[in-house]
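Order of the sequence lines fixes the chain letters, A, B, ..., with proteins taken first and strands second; residue numbering starts at 1 for each chain. Quick caveat, the model's predicted, so the values are computed rather than measured.
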Amino acid sequence: MSAHELKSGPLEYRTSQGRMNILGFWIFLAAEIVLFSTLFATYAVLFGRTADAPLPGELFEIKTVLIMTFLLLVSSFTCGVAVNEMRRGSVKGLITWLIITLALGLGFLGFEIYEFAHYTHEGATLQSSAFWSAFFVLTGTHGLHVTLGIGWAILLLIQLVKRGLTPVTSQKVFIISLYWHFLDVIWIFIFTSVYLIGMVV
Amino acid sequence: MQWDEFFVTGEPLIYGAMVSIALVSAAIMFTLFYFKKWGWLWREWLTTVDHKRIGIMYIISALAMLFRGGMDALMLRTQLAFPDMNFLSAQHYDEIFTTHGTIMIIFMAMPFLIGLMNIVVPLQIGARDVAFPYLNALSFWSFFFGAMLFNISFVIGGSPDAGWTSYTPLAGAAMNPGPGQNFYLLGLQLSGIGTLATGINFMVTIIKMRAPGMKMFQMPIFSWSTLVTSFIIVFAFPILTVALALMTIDRIFGSQFFTLTGEGMPMMWVNLFWMWGHPEVYIVVLPAFGIFSEIISTFARKQLFGYKAMVLSMIVIAGLSFLVWVHHFFTMGMGAFVNSVFSISTMLIAVPTGVKIFNWLGTLHKGRIQLTTPMLWSLAFIPSFVIGGVTGVMLGMAAADYQFHNSYFLVAHFHYVLISGTVFACFAGLVYWYPKMFGHKLNEKLGKLSLWFFVIGFHVCFFPQYFVGLDGMPRRVFTIMPEWMPLNVISTVGAFGMGAGFAIFVYSIYYSLRYNEREKTGDSWDGRTLEWATPTPVPFYNFATVPKVDGPDAFLAMKEKGETTFEEEKLEPIHMPSSTGQPIIMMSFMFIASFGLVFEWIWMAVAGLIAGIIMMAIRSFDYDDGFYVKVDEIKRTERKVRGL
Ligand code: HEM
Ligand SMILES: [Cu+2]
């Protein structure tokens with residue numbers, strides 16, 4: 001709780017509360033890894049149990065998925081640039097790159113919604129079989145995380161405009177960047193183990 | 001939905017419960033109005049972020065839940081002693097064993113221990129608070145509202161009836177419509193959020209906030225057990241979160257994870273449940289081990305024997321706890337190889353547990369033993385737990401388990417470990433730290449009386465169940481064969497003995513509040529660890545000056561050197577967090593959202609959720625950084641509480 005501040009090092013690590021928040025968030029991410037692992041395991045167990053619904057190979061479209069992957073990967077990169085700007089002490093750079101990151105994230109979400117609508121239209125819904133339940137819940141949970149991340153980042157942008165770079169705001173930015181990269185890593189697993197493998201079945 | 005579907009009707013027991021709930025609530029409201037205590041309640045308790053007060057609120061709620069779960073147990077036992085009396089119908093029996101098991105594990109044992117951790121751990125490690133005080137309050141309210149949601153099920157909508165394990169397809173929408181099972185799912189989900197947050201909070205607190213100089217291997221053993229438990233929480237609870245969410249989506253939105261249609265897999269629930277469920281058992285027993293270790297070392301007046309071995313065995317137990325879940329369903333047909341693997345991993349846990357038992361005995365050996373109430377609870381624990389453990393190894397033998405499975409042998413086993421491990425520890429810990437919490441000891445005579453009733457009642461209740469189980473009596477049946485009668489009657493007598501023990505304990509709280517002498521020093525038992533270095537009542541900032549630590553049993557060393565935690569020259573302003581009503585408000589919105597989902601009123605769920613999210617946004621903009629306690633004020637407070 002003490003507010004002793006360090007004089008050097010990255011801004012977000014200067015207060016002891018900041019250091020604790022960041023450690024706490026890493027532990028939270030460990031819990032998130034367990035959460036997604038459980039969803040992946042569920043998906044793997046229910047793989048192929050499509051009942052009378054279409055097979056994944058009939059519906060997955062490599063083009064959309066590639067665009068989504070591209071958008072998210074680039075957004076992770078721009079998010080890294082944003083943090084780099086923050087380290088250089090440039091609020092303007094930080095805000096600009098954060099907005100670009102958000103735009104890319106929104107693009108990703110748009111494609112995901114389009115994709116879900118398309119599958120539903122083709123007769124693969126949450127209710128149609130165990131496999132599709134697992135598919136929608138796994139990718140949907142990831143999508144929900146992205147949505148939350150976007151909302152959260154918008155709140156942060158407002159705070160950055162109002163307060164500029166302080167140990168508190170920079171620590172918040174750093175934490176959300178961890179979150180964003182984490183979502184990217186999860187997506188890579190979804191891309192390979194859901195879409196690439198599903199494509200050939 | 002009609003109103004007569006909304007309220008549960010048709011049973012005299014339920015009407016009785018409704019009337020008593022109404023009366024008790026009215027009485028509480030009246031007292032609060034009459035003595036104009038609302039403001040006090042709100043300012044001092046409902047909005048507090050002080051870890052000690054949060055701990056006390058956890059413990060009071062857990063005691064209430066022990067009462068509720070205990071009433072359930074007595075009803076079950078009454079039915080089994082007089083099956084012809086038709087005290088409970090089959091349906092009502094099912095509901096009661098479900099709520100009994102769930103409440104005892106989720107809403108009694110865990111919160112009780114978390115309450116003790118909250119009070120003790122920051123003090124033991126020489127910290128002024130936990131790492132995230134706001135989150136701590138949030139955790140408490142999430143537990144509290146989760147527990148309330150679960151508890152109202154018996155007068156509103158109907159209780160769950162599929163057992164605390166809620167196996168599918170029995171618990172699925174097709175075979176179990178209606179809100180009961182939803183109460184289970186959402187009550188656990190809501191309180192689970194708080195448990196996970198608590199795990200993270202204590203991990204960071206213990207890693208980052210120890211007093212200067214305190215190395216990991218100089219930390220008091222209860223804090224170690226909290227750290228290890230937090231690890232288990234962080235790695236086990238997300239599994240439960242997912243399992244509950246999948247079943248909720250199955251039931252409310254028609255997905256097919258655990259159904260028999262759409263190629264779902266009911267067995268997957270069983271796996272997910274126990275991948276969390278087995279570690280959960282260690283979440284409630286490792287802190288208990290920590291409590292016993294502290295108490296035994298204090299009252300044997302010796303340093304804990306084999307401290308390092310104790311810590312390492314806890315870590316090994318935590319690791320193994322994730323590798324044994326299949327022993328809960330050996331009979332479901334996984335085949336001999338899988339069963340053998342899990343049989344062996346199960347028996348391995350006996351090794352580190354045995355190490356701990358020998359270390360407790362080693363601590364007692366040649367100690368100058370003081371037979372206080374907490375010490376007696378700890379001594380009663382050792383042989384009882386050994387009986388539970390040995391029968392556990394018997395259950396772990398896959399081949400033999402085909403005989404024991406789902407029989408009263410199992411019921412006896414898990415009560416032996418859970419009650420002698422966790423419940424004895426809760427009583428022991430509460431009595432031991434009570435003076436730190438309230439500034440006076442509990443009456444020793446009444447404490448011992450309640451202990452004897454409880455411990456003897458416990459053995460009378462559960463020991464016969466091993467035999468009636470071997471005779472073939474299955475668990476979860478509401479009526480029995482004549483040859484099982486005598487042992488069941490004995491068992492019920494024992495259960496009422498435990499009930500009497502609990503009643504005496506509650507009375508002793510009242511009695512001690514009125515008649516016991518107040519304590520002035522804060523070091524009630526001539527303690528060894530830092531929590532005893534603070535005066536009582538503990539000032540909200542805990543330590544006026546944080547001690548420097550350079551060995552185990554830090555307070556013992558301080559006493560030898562004549563140091564205190566109040567060195568006037570070294571005082572500095574202390575930074576503390578401010579109270580806030582946000583956690584209780586945020587969680588009441590989440591309660592509304594969950595309640596909506598229980599009845600599948602989606603509009604209500606969405607409204608509650610949006611309100612909850614708005615609260616989070618408000619928190620995001622909240623830059624309240626707490627306040628500083630001035631040196632003058634610290635001086636004044638310390639002089640007063642220390643009687644200087
Ligand atoms: C006064 C003390 C207690 C008594 C007399 C008691 C008695 C019982 C009875 C009669 C059952 C139901 C057996 C059946 O028909 O299936 C039961 C089940 C259970 N009890 Fe207890 N119990 C006590 C305390 C506890 C405690 C402290 C815990 C946990 C910390 C606990 C955990 C459970 C669990 C998990 C079940 C299984 C519920 C199920 O079958 O779904 N009990 N107990
Ligand atoms: Cu187990």
Side-chain angles (χ1 to χ4, degrees), chain A residues 1-4 15-17 19-43 45-46 48-53 125-138 140-141 148 151-152 154-156 158-159 162-163 166 168-169 172, chain B residues 127-133 135 196-197 199-201 203-205 207-209 230-231 233-243 245-246 249-250 253-259 261-265 267-268 271-272 275-276 541 546 572 574-577 613 616-617 620-621 623 625-626 628:
Chain A
M1 270 331 296
S2 87
H4 290 299
T15 64
S16 63
Q17 190 65 46
R19 290 192 293 278
M20 289 200 291
N21 288 357
I22 292 170
L23 175 64
F25 198 77
W26 275 107
I27 300 171
F28 172 73
L29 286 184
E32 287 272 80
I33 290 176
V34 179
L35 185 128
F36 275 102
S37 308
T38 312
L39 287 173
F40 274 110
T42 308
Y43 178 83
V45 167
L46 298 178
R49 301 173 81 94
T50 42
D52 297 328
T125 64
L126 180 71
Q127 290 87 6
S128 55
S129 74
F131 169 83
W132 286 107
S133 300
F135 169 83
F136 280 109
V137 169
L138 171 59
T141 306
L148 279 177
W152 180 10
I154 291 174
L155 297 181
L156 254 183
I158 302 173
Q159 293 168 40
K162 273 178 34 188
R163 296 170 181 272
T166 69
V168 180
T169 49
K172 289 187 176 191
Chain B
R128 290 206 165 111
D129 208 332
V130 293
F132 313 118
L135 190 68
L196 178 64
I200 297 176
N201 212 337
M203 259 164 96
V204 179
T205 306
I207 292 173
K208 287 273 186 192
M209 295 180 72
S230 303
F231 264 96
I233 287 177
V234 167
F235 287 100
F237 261 77
I239 308 176
L240 178 70
T241 306
V242 171
L246 298 186
I249 301 173
D250 258 13
F253 301 103
S255 64
Q256 310 271 7
F257 289 102
F258 309 119
T259 58
T261 54
E263 299 196 20
M265 278 176 68
M267 265 307 286
M268 201 172 64
N271 272 291
L272 290 178
M275 273 185 226
W276 159 80
Y541 50 76
V546 175
E572 276 173 37
I574 298 174
H575 182 246
M576 293 305 291
I613 291 177
M616 291 181 210
S620 175
F621 285 106
Y623 275 69
D625 190 30
Y628 278 91

**Request:** Go through the atoms of A/V45 and report whether side chain, backbone, both or neither lie under 4.5 Å from a heavy atom of chain B.
**Result:** both
**Message:** What part of B/T241 gets within 4.5 angstrom of chain A, counting heavy atoms only: side chain, backbone, both, or neither?
**Reply:** side chain
**Item:** Region of A/T50 in contact with chain B, defined by heavy-atom distances below 4.5 Å
**Value:** backbone
**Reported CG-to-NZ distance for the pair A/N21 and B/K208, which is rounded to 0.5 angstrom** = 11.0 Å
**Item:** Rounded distance [0.5 Å steps], OG1 in A/T15 versus CG in B/D625
**Value:** 8.5 Å
**Message:** If you compare all heavy atoms of A/V137 against all heavy atoms of B/F257, which two are closest, and at what distance to 0.1 Å?
**Reply:** CG2-CZ, 3.6 Å
**Message:** With a 4.5 angstrom heavy-atom cut-off, is it the side chain or the backbone of B/I233 that approaches chain A, or both, or neither?
**Reply:** neither
**Prompt:** Between A/A130 and B/E263, what is the shortest heavy-atom contact and its length?
**Reply:** CB-O, 3.3 Å
**Asked** So what's closer than 4.5 Å to chain A heavy atoms on B/I574: side chain, backbone, both or neither?
**Response** neither
**Asked** So how far is it from A/L35 CG to B/F237 CZ, rounded to the nearest 0.5 Å?
**Response** 13.5 Å
**Prompt:** At a heavy-atom separation under 4.5 Å, does B/V242 approach chain A through its side chain, its backbone, both, or neither?
**Reply:** side chain
**Message:** For the CD1 atom of B/I249 and the CZ atom of A/F136, what is their distance to the nearest 0.5 Å?
**Reply:** 12.5 Å
**Request:** Would you check, one step at a time, whether the test side chain to side chain contact (heavy atoms under 4.5 Å, CB included) holds for B/L246 with A/L39?
**Result:** CA-CA 9 Å; B/L246 298 186; A/L39 287 173; 4.3 Å; yes
**Nearest non-hydrogen partners of A/V34 and B/V234, listed with the distance** = CG2-O, 4.4 Å
**Fill in**
Shortest non-hydrogen pair, B/F132 vs A/G24, comes out as CZ-CA, 4.1 Å
**Asked** Roughly how far apart are B/M268 CE and A/L46 CG, rounded to 0.5 Å?
**Response** 4.5 Å
**Asked** Rounded to the nearest 0.5 Å, how far does OH of B/Y623 lie from OG1 of A/T166?
**Response** 5.5 Å
**Request:** Check for a donor-acceptor pair, side chain of A/Q127 on one end and backbone N or O of B/Q256 on the other, with a separation under 3.5 Å.
**Result:** no
**Item:** Atom group of B/F258 that falls short of 4.5 Å from chain A, counting heavy atoms
**Value:** neither
**Message:** Below 4.5 Å, heavy-atom pairs only: which of B/P238, B/A245, B/A236 has the largest tally toward chain A?
**Reply:** B/P238
**Request:** Look at B/D250, B/I239, B/T261, B/N271 and state which one has the largest set of heavy-atom pairs under 4.5 Å with chain A.
**Result:** B/I239
